[in-house]
Amino acid sequence: MSDDDALPLFPPLAKSDLVARIEEELRRAIVSGRLGPGARVVEVDVARQLGVSRAPVREAARRLESLGLLVSRPGHGFAVRTFSAGDVEDLFPVRIQLERTSVELACARATDVELAAFPRKVDVMVAQADSLPTTVMIARDLDFHVSIAEASGNRYLHRLLKNVQAELTVFLTLGAASAYDPRSLAETHRPLADALARRDVDTA
């Protein structure tokens with residue numbers, strides 16, 4: 001990555017809201033596999049390629065560490081986290097419990113307008129399934145579930161599921177993308193969306 005002849009991973013950035021934008025660029029590089037598991041995040045190289053100083057790069061890396069995407073190595077900066085099968089086995093039961101709570105609260109608290117939007121979200125996902133990259137469809141899939149937590153009205157639940165989503169994105173993109181059928185997966189959301197629109201918590 002420090003080789004000047006290598007193709008840059010990141011485009012130059014303007015000087016507004018740097019930390020958030022650097023965080024997003026790093027997240028995209030991780031999710032896309034350009035920065036694979038175990039890869040070092042060399043602050044000086046990232047800063048040079050983005051046209052910024054090292055300080056906002058370091059802060060963005062710390063944010064991604066708090067989301068479980070990077071790990072800090074004393075004296076060696078940050079590296080992309082390596083996920084194990086045990087990590088996946090530990091995360092998914094937590095995700096299921098968070099989503100069950102999201103569904104229960106959304107059915108009880110969300111407005112009719114909010115709940116009626118879920119079938120339309122599925123329509124959009126299905127319509128775009130064949131035209132968008134797999135990474136984008138995986139993000140849309142997970143955003144659908146986070147939006148249920150948002151409709152629940154519980155900001156702590158919403159924040160927790162968003163944090164879980166960051167790790168799930170990496171799992172799905174790096175581990176399951178080859179077997180990912182965007183259209184079929186989009187359609188699997190329809191029974192859930194319809195149940196939410198009816199406030200049928202048991203079916204959902």
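Quick note: residue numbers are just sequence positions, from 1.
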Can you get from [X] to [Y] by hopping between Ile, Leu, Val, Met, Phe, Trp and Tyr side chains that sit under 4.5 Å apart?
X: Leu67; Y: Val94; answer: yes
X: Leu161; Y: Phe92; answer: yes
X: Val88; Y: Ile30; answer: yes

Spatial distance of atom [atom1] ([X]) from atom [atom2] ([Y]) [nearest 0.5 Å]:
X: Glu25; Y: Arg21; atom1: CD; atom2: CZ; value: 7.5 Å
X: Asp130; Y: Met137; atom1: CG; atom2: CE; value: 8.5 Å
X: Gln165; Y: Ile138; atom1: CD; atom2: CD1; value: 11.5 Å
X: Glu23; Y: Asp17; atom1: CD; atom2: CG; value: 9.5 Å
X: Leu196; Y: Cys107; atom1: CG; atom2: SG; value: 5.0 Å
X: Asp202; Y: Glu104; atom1: CG; atom2: CD; value: 9.0 Å

Next item on the list: In sequence, state the C-alpha distance, the side-chain angles, and the governing distance for Asp45 and Arg48, and then conclude on side chain to side chain contact (heavy atoms under 4.5 Å, CB included).
Entry: CA-CA 5 Å; Asp45 291 337; Arg48 175 177 53 80; 3.7 Å; yes
Lys/Arg N to Asp/Glu carboxylate O, [X] vs [Y], below 4.0 Å:
X: Arg140; Y: Asp143; value: no
X: Glu187; Y: Arg183; value: no
X: Arg28; Y: Glu24; value: yes

Provide the closest heavy-atom pair for [X] versus [Y] in the form atom of the first, atom of the second, distance.
X: Ala110; Y: Ala151; answer: CB-O, 3.5 Å
X: Ser102; Y: Leu157; answer: OG-CD2, 3.4 Å
X: Ser184; Y: Asp181; answer: OG-OD2, 2.8 Å
X: Pro119; Y: Ala116; answer: CD-O, 3.3 Å
X: Val113; Y: Arg120; answer: O-NH2, 4.4 Å
X: His158; Y: Ala149; answer: CA-CB, 3.9 Å

Item checked: Phe118/His189 under side chain to side chain contact (heavy atoms under 4.5 Å, CB included): CA gap, chis, key distance, verdict -> CA-CA 9 Å; Phe118 285 104; His189 292 76; over 6 Å; no
Note to self: Can you confirm whether Arg198 is buried at CZ, in the sense that more than 12 heavy atoms of other residues, nucleotides or ligands lie under 6.0 Å from that atom?
What the structure shows: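 Yes, because the 6.0 Å sphere around CZ of Arg198 holds more than 12 heavy atoms from other groups.
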Check: Counting only N and O atoms by type, is there a donor-acceptor contact under 3.5 Å from the side chain of Asp87 to the main-chain atoms of Ser84?
Finding: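 Checking the backbone N and O of Ser84 against the side chain of Asp87, a donor-acceptor pair under 3.5 Å is found.
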Notebook entry, point to check: Do the side chain of Arg54 and the main chain of Glu43 share a donor and acceptor less than 3.5 angstrom apart?
Noted result: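 No, because the side chain of Arg54 does not come within donor-acceptor range (under 3.5 Å) of the backbone of Glu43.
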Any side-chain heavy-atom pair of [X] and [Y] under 4.5 Å:
X: Glu167; Y: Arg81; answer: yes
X: Val126; Y: Arg190; answer: yes
X: Met125; Y: Leu185; answer: no

Next item on the list: Take His145 and Leu192 through the test side chain to side chain contact (heavy atoms under 4.5 Å, CB included) and record every step on the way to the result.
Entry: CA-CA 10 Å; His145 295 275; Leu192 173 57; 4.2 Å; yes
Checklist line | side chain to side chain contact (heavy atoms under 4.5 Å, CB included) between Val80 and Leu69, worked out | finding: CA-CA 6 Å; Val80 179; Leu69 297 185; over 6 Å; no
